[in-house]
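Below, chains carry the letters A, B, ... as their sequence lines are ordered, and counting in each starts from 1.
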Amino acid sequence: MDQGVIYFPSKPSIIASGVVGGPLEKKSVFAADFDLLLDDERAEEKSNEKGHKQMALQACQIALEKANIKERDVDFLMSGDLVNQMTPSNFLASTLGIPYLGLYSACATSISGAIVAALLTELGASKYALAGAASQHNSIERQFRYPVEYGGQKPGTAQWTVTAAGYALIAKGQMNSPVIEAATVGKSIDLQQTDPFHMGAAMAPAACDTITRHLKGRGQSLSDYDLIITGDLAKVGLPILQECLIKEGMAQQDVMKIRDAGAEFYGDDQTFLAGASGAGCSASVFFSTILKGLNEKKYERVLAVATGALLSPLTVQQNESIPCTAHAIEISMK
Amino acid sequence: MFATLLIAFIVGGLICVVGQLIMDLGKLTPAHTLSILVVLGSVLDGFNLYEPLIDFAGAGATIPITSFGNSLTHGALAEAEKHGWIGVLTGMFEVTSSGISAAIVFGMIGALIFHSKGQHP
Amino acid sequence: MDAKQYDTLQQSLSPKPSIIKNCLKAFLVGGIICTIGQLITFFYMAYFNFTERTAGNPTVATMIFLAMLFTGFGLYKKLAQFAGAGSAVPVTGFGNAVISSAIEHKSEGYVLGVGGNIFKLAGSVIVFGVVSAFVVALVKLLLVTVGVTNW
């Protein structure tokens, strides 16, 4: 096995998932597969941060309902978001009352959570584990950029933080459910990109490294997969990743089949610039449309690669570069 | 009257183009750009160049943020002329109080009545 | 691939902002905002006791009031995405920076939130305006005192 590649012989399964989107996400091409679309961006709560937590809570509850499981039956909760100190996740955990590990991999948190859940399941420590991530546009914009109502011109490479939450319920190996067969933990890769309005370029090398390492470690090639989908490289980042993979010696026709959730999320709507981003982007798409595709046997083997830019407003102002990561899970359906 | 409006349009527009060039070519944030323009306005007044521009362009010169730097310097210079060294400090906000006070008052009122609406790009 | 090679690759695949188009949009919107300012100046001169010089202050206040309405109704950020510096450079942009910060930090209360953050974005403009005015006035005073120039 290569560095950071994990194989799960007991085949932990994703038995259910819950995905909630905000009002603007009704425009998403994936919206039909979401379980719930809110009419209010703050989920009828007083503050953006409370709405953020509420949305994540609803996603978790939907996942539990689908599997017909109570909170007390869940052994672990793996959750993360982009707000300072991940308070929405912390409040979510206190409401659910499930033993909780807060994880921060920026927009790659959905998959880092799924990897930890799969490991705990593999170990036998967990019968049921919830893993996922969320982001709420307003609270993330104020955290990383400007006040929501501030008029600043964003370049065409900028991305729109989605309001969405996606949580998956991971259980011991079961028939008739997609299984997490293997995973690759991302390195933190820093190729000295500094533009916070051009995250696609910062994150593409991390996705390239993780995909290359996963394929090498598993002895596979791109054509072994029905679908390889990245998290939120968006319309500018995806072609950069494809170019990087071609330079790594992969076949062009396979590389061009790679899809990106952020690039597709809002369709061709120009108001969203390069496309979607945010922890909720990969979480909502992977745990709705992609899982559905697996369950319906549209795909037999999927590599879901969530990408994350590990910057903070402080490091940006101090002119530091943007290290990025990408975590991948290999999901298969028999 | 029409000529005045046209001049205001052209001069005001050109000052904004200077701002856009600083932002795009210099790859600077709006905060950096506006700070540079304020300093520019203030320095221009040091050479007695901004007031003639106001006489020529009216709102085309008073509305852009450069005018804020100009008013600060203008107030300081006017007091310095009367009272010497001490005037440099005391005169600064003499001319330009309205922009800041209006922004604070309307900021507070805005906070009282509005909520941010991120969901409408 | 090292950082330099990657940057070249990345830039070759990234769209460049069209500077000419951005400048045209900034010119158009900035010009229109200043024209509106001029109309307001005319209004104050015609109906109140203001002269060309003194009408500047009420005009600026009125423009900031308009900026508050545009900001509050979520229109200023849309205008700004189109206009860039065209909406940032006029005093309405200063107003938008102050007002958007105030609205944003309402959730932390009026003292620590609104009061403490109202100049979060616009503060640097005031700071650099004041410091530069101080330096300029000081230098000029010095030059006048030694007789190099006059007021």
Among [options], who wins on heavy-atom pairs under 4.5 Å with chain B?
options	result
V136(C), L121(C), I99(C), I103(C)	I103(C)
V125(C), V114(C), V98(C)	V125(C)
S107(C), S124(C), G95(C), A97(C)	S124(C)
T41(C), V131(C), I64(C), V60(C)	I64(C)
S87(C), G37(C), P90(C)	P90(C)
A26(C), A61(C), G72(C)	G72(C)

Kindly check if the number of other-residue, nucleotide or ligand heavy atoms within 6.0 Å of [atom1] ([X]) is above 12?
X	atom1	result
F70(C)	CZ	no
N49(C)	CG	no
I86(B)	CD1	no
F93(B)	CZ	yes

Heavy-atom pairs under 4.5 Å with chain C: which of [options] has the most?
options	value
T66(B), I109(B), T73(B)	T73(B)
L25(B), L112(B), V18(B)	L112(B)
G99(B), G12(B), A103(B), P30(B)	A103(B)
L5(B), V17(B), T62(B)	L5(B)
L34(B), V38(B), I63(B)	I63(B)
V88(B), I54(B), I113(B), I7(B)	V88(B)

Checking heavy atoms, do the side chain of L77(B), its backbone, both or neither come under 4.5 Å from chain C?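 For L77(B), heavy atoms of backbone and side chain both lie under 4.5 Å from chain C.
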Interface moiety of A78(B) toward chain C, non-hydrogen atoms closer than 4.5 Å: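 Contact with chain C: none, neither part.
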Could you tell me whether the side chains of Y76(C) and S100(C) share a donor-acceptor contact shorter than 3.5 Å?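 Per modelled atom types, Y76(C) and S100(C) side chains form no pair under 3.5 Å.
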Is a donor from one side chain sitting under 3.5 angstrom from an acceptor on the other, for N96(C) and T71(C)?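 Judged by distance alone, the side chains do pair up.
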Give, as side chain, backbone, both or neither, the part of [X] having an atom under 4.5 angstrom from any heavy atom of chain B.
X	answer
I36(C)	neither
L28(C)	both
A83(C)	backbone
M63(C)	side chain
L39(C)	both
F73(C)	both
I32(C)	both

Going by side chain to side chain donor-acceptor pair (under 3.5 Å), name the residues that satisfy it together with T51(C), two or more places apart in sequence or in a different chain.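 For T51(C), the residues satisfying side chain to side chain donor-acceptor pair (under 3.5 Å) (neighbours in sequence not counted) are T54(C).
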What heavy-atom pair brings [X] and [Y] nearest, and what distance separates the two atoms?
X	Y	result
A102(C)	G107(B)	CB-O, 3.3 Å
V89(C)	I15(B)	CG1-CG2, 4.0 Å
C16(B)	G30(C)	SG-CA, 3.5 Å
A111(B)	Y110(C)	O-OH, 3.8 Å
D7(C)	Q10(C)	OD1-NE2, 3.1 Å

Sub-4.5 Å heavy-atom contacts with chain B: which residues of residues 17-24 of chain C show up?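 Within residues 17-24 of chain C, near chain B: I19(C), N22(C), C23(C).
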Just do the side chain to side chain donor-acceptor pair (under 3.5 Å) check on K140(C) and N150(C) with the steps written out, would you? CA-CA 8 Å; K140(C) 190 148 188 195; N150(C) 48 25; over 6 Å; no
Quick test of your reading: applying ring pair (Phe, Tyr, Trp, His ring centres under 6.0 Å), list the pairs with at least one residue in residues 122-141 of chain C, sequence neighbours left out, ordered by first then second residue.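 The answer is none; no pair qualifies.
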Enumerate the salt bridge (Lys or Arg N to Asp or Glu O under 4.0 Å) contacts for residues 50-70 of chain B, please, sequence neighbours excluded, ordered by first and then second residue.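 Output for this query lists E51(B)-R53(C), D55(B)-R53(C).
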Parallel, tilted or perpendicular: ring planes of F27(C) versus F9(B), cut at 30 and 60 degrees: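 Correct class here is perpendicular.
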